[in-house]
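These notes are about the structure you will find just below.
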Amino acid sequence: MNTDDVLVFTAAVAGRSLAAAARRLGLTPMVASRRLAALEATLGVRLLHRTTRALSLTPEGETFLPFAQALIENEAAARTRLRSEGLGAAGLLRVSVPISFGLKFVMPFVPSLLQENPELRISVDLTDSLPDLVATGTDLAIRIARLRDSSLIAQKLAANPRMLVASPDYVARRGKPRLVAELSEHDCLALGAATHWTFRAPDGDRHARLNVRLACSSIAGCHAASLAGGGVALLSNWYTEEDIAAGRLVRIDLDDARPEPINIWAVYPTTQLVLPKVRVFIAALRAAMEDAGIRNTAE
């Protein structure tokens with residue numbers, strides 16, 4: 001049994017189409033189709049029902065799928081163990097990173113990481129949304145959030161304290177909120193469809209309903225709007241410290257609560273062995289964050 005043929009099968013199931021499997025594996029649709037047909041011929045059964053619009057497993061395909069996945073994972077683990085780590089990381093690493101965080105911390109170290117690992121290639125997807133890691137073939141995602149998807153494997157990289165900020169012009173016009181309840185009287189810059197912010201107080205969590213006049217799909221947009229006097233923004237400390245020092249933004253500390261802590265996470269699509277290319281990337285990212293004073297500390 002050819003493991004390359006098996007890989008097309010598992011990728012087609014994960015991506016819900018043979019075309020998606022071909023894109024993920026860098027094959028033409030014709031080659032992917034031939035490999036799947038070869039696997040079915042070897043096994044003597046039909047594994048997938050295929051139409052121009054949909055793909056579904058046959059009963060035989062459902063039976064074979066866990067064995068196929070184990071075969072692919074075991075081969076990857078074997079290759080990793082046999083490869084001398086002294087040779088460095090190799091292959092294509094697909095990474096998904098939040099836009100602002102990626103521009104500040106990730107993109108500056110990527111060129112040197114590639115120089116240190118001549119056989120490594122990196123594709124960085126800068127996005128503030130979390131893609132389907134399996135369907136897109138993403139090896140690693142970095143996220144700053146409260147993770148809710150229990151199917152993902154996540155490793156905490158660092159704490160990520162945040163603060164409320166506004167421009168000096170906005171503060172001169174509207175003043176500073178002093179209590180959580182007062183935020184509803186201010187123009188708050190929302191990320192996406194957020195309708196409230198959560199704060200920690202001695203007596204428990206408090207939720208501030210936002211008076212949203214401007215929302216943006218990227219935290220970079222909220223940052224730019226806050227600099228222009230558009231309202232109050234909730235941003236990571238690393239994103240605001242230089243602006244505060246330069247007088248472009250003003251920190252707002254509430255008397256009755258502080259912003260809910262969130263963390264920086266490394267997110268993996270499966271529990272399989274973490275490859276060297278992923279490990280070297282995370283090590284470089286940790287070093288970049290530590291240079292900026294961001295460390296894995298308790299809340």
Side-chain angles (χ1 to χ4, degrees), residues 2-11 13-15 20-27 35 66-98 101-127 130-144 147 149 151-158 263-292 294-296:
N2 190 323
T3 55
D4 289 338
D5 299 342
V6 178
L7 183 58
V8 169
F9 169 64
T10 58
V13 174
R23 288 193 299 270
R24 176 182 175 183
L25 299 175
L27 306 174
R35 288 188 178 179
F67 297 98
Q69 292 170 330
L71 178 64
I72 296 302
E73 292 191 3
N74 287 339
E75 183 190 37
R79 289 181 181 273
T80 299
R81 290 185 180 277
L82 290 173
R83 179 183 176 84
S84 170
E85 294 198 18
L87 297 177
L92 175 61
L93 173 65
R94 295 183 176 90
V95 186
S96 175
V97 186
F101 183 84
L103 293 176
K104 185 174 181 66
F105 294 106
V106 174
M107 300 313 297
F109 76 71
V110 165
S112 61
L113 185 63
L114 292 174
Q115 291 178 12
E116 295 167 2
N117 298 271
E119 298 180 41
L120 179 65
R121 293 175 293 132
I122 299 177
S123 174
V124 180
D125 178 24
L126 294 174
T127 175
L130 182 61
D132 184 327
L133 303 189
V134 175
T136 59
T138 302
D139 300 295
L140 170 68
I142 305 299
R143 283 297 170 266
I144 306 173
L147 298 182
D149 190 343
S151 68
L152 299 175
I153 309 303
Q155 173 190 0
K156 179 183 172 184
L157 298 181
N263 298 314
I264 302 172
W265 300 92
V267 184
Y268 310 93
T270 71
T271 58
Q272 71 183 34
L273 186 66
V274 178
L275 299 175
K277 61 183 179 181
V278 175
R279 291 201 298 270
V280 299
F281 182 92
I282 290 179
L285 176 57
R286 285 187 185 275
M289 291 192 297
E290 288 180 0
D291 287 345
I294 302 175
R295 294 177 175 83
N296 191 355

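Applying the side chain to side chain donor-acceptor pair (under 3.5 Å) rule to Arg143 yields the partners Ser96; only residues at least two apart in sequence or on another chain are considered. Taking the side chain to side chain contact (heavy atoms under 4.5 Å, CB included) definition, one finds that Ile282 meets it with Leu140, Gln155, Leu157, Ala266, Tyr268, Val278, Arg286, sequence neighbours left out. Looking at residues two or more places apart in sequence or on another chain, you find no side chain to side chain donor-acceptor pair (under 3.5 Å) involving Thr10. For Thr127, the side chain to side chain donor-acceptor pair (under 3.5 Å) partners two or more places apart in sequence, or in a different chain, are Ser129. Under the ring pair (Phe, Tyr, Trp, His ring centres under 6.0 Å) criterion, Phe9 pairs with Phe64, sequence neighbours left out.
Pro108 approaches Gly102 most closely through the heavy-atom pair CD-O, 4.1 Å. Closest heavy-atom contact between Asp4 and Arg35: CB-NH1, 3.8 Å. Of all non-hydrogen atoms in Ala14 and Arg24, the two that sit nearest each other are CB-NH1, 4.2 Å. Contact between Leu120 and Gly91 at its shortest, heavy atoms only, is CD1-O, 3.4 Å. Nearest heavy atoms, Ala89 versus Asn117: N-OD1, 3.0 Å.
Taking the side chain as every heavy atom from C-beta outward, Met107 and Val124 approach each other to under 4.5 Å. Proximity of Ile264 to Phe101: side-chain heavy atoms (C-beta onward) are separated by under 4.5 Å at one or more points. Side-chain contact check for Ile142 versus Val106: every heavy-atom pair is 4.5 Å or farther apart.
The distance from the CD atom of Glu119 to the CG atom of Leu114 is 12.5 Å, given to the nearest 0.5 Å. Rounding to the nearest 0.5 Å places CD1 of Ile72 at 14.5 Å from CZ of Phe67. How far CD1 of Ile294 is from CZ of Phe105: 3.5 Å, rounded to the nearest 0.5 Å. The distance from the CG atom of Asp125 to the OG1 atom of Thr138 is 6.5 Å, given to the nearest 0.5 Å. Rounding to the nearest 0.5 Å gives a distance of 5.5 Å between CG of Leu126 and CG of Leu103. With rounding to the nearest 0.5 angstrom, the CZ atom of Arg94 is 7.5 Å from the NZ atom of Lys277.
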